[in-house]
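Just so you know, these numbers use all the heavy atoms, side chains as well, and skip hydrogens, waters and symmetry mates. Proteins come first, then strands; the chains are lettered A, B, ... in the order of their sequence lines, and each starts at number 1.
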Amino acid sequence: MPELPEVETIRIGLATLITGKQILHVASNNQKSFPNSQPDIDQFLLNSSVLNVRRRGKVLIIELSSQYSLIIHLKMTGQLVFSGDGVHFGAGHPNASLVGNLPDSSTRAVLTFEDRSKLFFNDQRKFGWMRLVPTIEIENIDFFKKMGPELLSKQFGPTDFKSRLMRRPRSSIKAVLLDQTIVAGIGNIYADESLWGAKIHPQTLVQDLSPVNIKHLYSSIIEVLSLSINKGGSTDKNYIDAEGRKGSYLSFAKVFRREGLACPRCGTLIRKIRVAGRGTHVCENCQKLN
DNA sequence: CACTTGACCTGTCCGC
DNA sequence: TGCGGACAGGTCAAGT
């Protein structure tokens, strides 16, 4: 569920909360979530401190002073929640009811910093993972090597977008937007929202898109992602930011999770269909199939 | 080779 | 009320 805007929101929060802090202790109760048997951990995680927090696509990268980095993929239900000075999760915190007391049954790993503040890696469905890798090797890791360009990068524009899409001309545009090797960061929510914004049916084959379609889609994606980052991302069920806050983007969504409601543009009832194996929200009046 | 589907998980919701 | 099954969606392996 965390897509680019959610991960970016977490990154911004984490950067201010943990940059400069030294890691004293790490605990994991699930080898898939975080294999804490790695010999590297004692040497390169403990007693190292956080240099910065970066993002690549939907992946967080916590760079450490040891020249190692923690790479974190939250997948569907992962959360990173910080608890420490100035940020309290207990009685009186406005989000206490959302976060509850930690650790809880979904906590898979906990980092403890030198000031006793903690970072909880919660993940109900155990799809997410955290790995310790040498910083210099990050770009050689397979999924980073295969990952498409950053949509919000200044070096990335509509022409690049078009040439990336054309790598999969015979697939539906929705499947291609979800493919992280084409462009990085879009998931189900923002695929549906940007396609609605560009008035393109999700099942349209890439080769059937007009140049104008592609231009509109590019603008729509940038607009939707930027708006969502400004709203702190989307909260459906599990997403919260590093301080335990929900995002408000979903209240701005035009089609996602709005099946049976009126399309804000034309009033036609929004339908939920299945495209590329995913639940897909569409206004079949605005978004006509070519 | 290009593309689609199923598995990985667990909590929630719906229908009987 | 209880229970089985569908569903949620990011990614990779397996299947067509």
Side-chain angles (χ1 to χ4, degrees), chain A residues 1-10 28-35 55-61 71-80 98-100 103-109 121-131 141-148 150-151 164-195 202-209 224-225 228 233-240 246-247 249-250 253 255-260 271-282:
Chain A
M1 163 76 174
E3 307 178 27
L4 189 154
E6 290 75 35
V7 178
E8 179 63 13
T9 302
I10 294 170
S28 162
N29 58 24
N30 184 285
Q31 290 300 302
K32 279 187 175 178
S33 304
F34 182 60
R55 179 187 61 75
R56 177 78 175 93
K58 303 172 185 172
V59 181
L60 276 170
I61 302 166
I71 301 181
I72 305 173
H73 201 311
L74 299 170
K75 291 286 183 82
M76 317 273 296
T77 55
Q79 307 173 333
L80 285 173
L98 178 65
V99 176
D104 65 19
S105 60
S106 75
T107 301
R108 310 297 173 204
F121 176 30
N122 296 339
D123 185 17
Q124 187 174 93
R125 288 170 68 179
K126 301 180 181 172
F127 286 177
W129 47 260
M130 183 161 79
R131 294 284 181 280
I141 296 173
D142 217 33
F143 74 84
F144 278 125
K145 238 189 328 199
K146 285 189 295 189
M147 194 180 280
E150 286 294 315
L151 286 160
R164 297 301 296 184
L165 292 190
M166 289 311 171
R167 292 178 165 221
R168 289 186 61 183
R170 297 165 64 84
S171 293
S172 70
I173 181 61
K174 169 135 182 183
V176 175
L177 290 179
L178 292 175
D179 183 345
Q180 302 300 296
T181 70
I182 302 295
V183 286
I186 299 178
N188 210 36
I189 298 176
Y190 302 106
D192 285 5
E193 289 298 305
S194 4
L195 287 166
Q203 280 171 324
T204 312
L205 300 186
V206 168
Q207 64 187 3
D208 294 336
L209 292 171
V224 162
L225 294 179
S228 185
S234 299
T235 292
D236 178 19
K237 288 195 177 76
N238 289 283
Y239 167 76
I240 48 182
K246 295 184 179 191
Y249 175 79
L250 274 194
V255 286
F256 191 80
R257 291 286 157 80
R258 291 178 49 83
E259 59 268 29
R271 288 228 302 139
K272 185 170 180 183
I273 59 177
R274 193 154 277 267
V275 181
R278 299 279 170 263
T280 297
H281 308 77
V282 60

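Summarising the geometry, the separation between CZ on A:Arg131 and C1' on C:dT11 is reported as 13 Å, rounded to the nearest angstrom. The CG atom of A:Asn122 sits 14 Å away from the C1' atom of B:dT10 (whole-angstrom rounding). When rounded to the nearest whole Å, the span between CH2 of A:Trp129 and C1' of C:dG10 equals 11 Å. Across the protein-nucleic acid pair, A:Lys58 atom NZ and C:dC12 atom P stand 10 Å apart, rounded to whole Å. Rounded to whole Å, the distance from CG on A:Leu60 to P on C:dG10 is 15 Å. Protein atom CE of A:Met147 is 7 Å distant from nucleotide atom P of C:dT11, rounded to whole Å. Rounded to whole Å, the distance from CG on A:Asn30 to P on B:dT10 is 9 Å. Rounded to whole Å, the distance from CZ on A:Phe256 to P on C:dA8 is 9 Å.
For A:His73, a side-chain nitrogen or oxygen approaches OP1 or OP2 of C:dT11 to under 4.0 Å. When the side-chain nitrogen and oxygen atoms of A:Lys75 are compared with OP1 and OP2 of B:dC8, none of them lie within a distance under 4.0 Å. Between B:dC8 and A:Lys126, no contact under 4.0 Å exists linking OP1 or OP2 to a side-chain N or O. The phosphate of B:dA2 (OP1 or OP2) has no side-chain N or O of A:Ser171 nearer than 4.0 angstrom.
Closest to the side chain of A:Arg125, out of C:dG10, B:dT10, B:dT4, is B:dT10. The nucleotide whose nearest atom lies closest to any side-chain atom of A:Gln124 is, among C:dA8, C:dT11, B:dT10, B:dT10. Across C:dT11, C:dA8, B:dT4, the shortest atom-to-atom separation from the side chain of A:Arg168 is found for B:dT4.
To the nearest 0.5 angstrom, A:Asn30 atom CG is 11.5 Å from A:Ser106 atom OG. A distance of 10.0 Å separates CZ in A:Arg257 from CG in A:Asp192, rounded to the nearest 0.5 Å. Atom OG1 in A:Thr204 sits 8.0 Å away from atom CD1 in A:Ile173 (nearest 0.5 Å). Rounding to the nearest 0.5 Å gives a distance of 12.0 Å between CD of A:Glu3 and OG1 of A:Thr9. The distance from the OG atom of A:Ser171 to the CD atom of A:Gln207 is 9.5 Å, given to the nearest 0.5 Å.
Look at A:Glu150 and A:Arg56 and you find a salt bridge, because one of the NZ, NE, NH1 or NH2 atoms lies within 4.0 Å of a carboxylate O, short of that distance.
Contacts with DNA chain C (heavy atom under 4.0 Å) in residues 175-187 of chain A: A:Gln180, A:Gly187, listed by number.
Contact annotation for A:Arg108: no contact, since no heavy-atom pair falls under 4.0 Å across all strands.
A:Asn122 contributes no side-chain N or O that, together with a main-chain N or O of A:Asp104, makes up a donor-acceptor pair within less than 3.5 Å. The main-chain N or O of A:Thr77 is never found under 3.5 Å from a side-chain atom of A:Arg125 such that the two would form a donor-acceptor pair.
Between A:Leu205 and A:Phe127, the residue anchored nearer the 5' end of DNA chain B, judged by the nucleotide with its closest heavy atom, is A:Leu205.
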Quiz item: With Watson-Crick and G-U wobble geometry limited to distances under 3.5 Å, how should the secondary structure of DNA chain B be encoded in dot-bracket form, using | for bases paired to another strand and [ ] for crossing pairs?
Solution: .|||||||.|||||||

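For the P atoms, the distance from C:dT11 to B:dC1 is 24 Å, rounded to whole Å.
Applying side chain to side chain contact (heavy atoms under 4.5 Å, CB included) to A:Leu74 and the options A:Trp129, A:Phe121, A:Phe127 leaves one that passes, A:Phe121. Partner A:Thr280 forms a side-chain hydrogen bond (donor to acceptor under 3.5 Å, both in side chains) with one of A:Lys174, A:Arg271, A:Lys272, A:Gln203 and no other, that one being A:Lys174.
Within 3.5 Å, a donor on the side chain of A:Arg278 pairs with an acceptor on the base of C:dT11, or the reverse.
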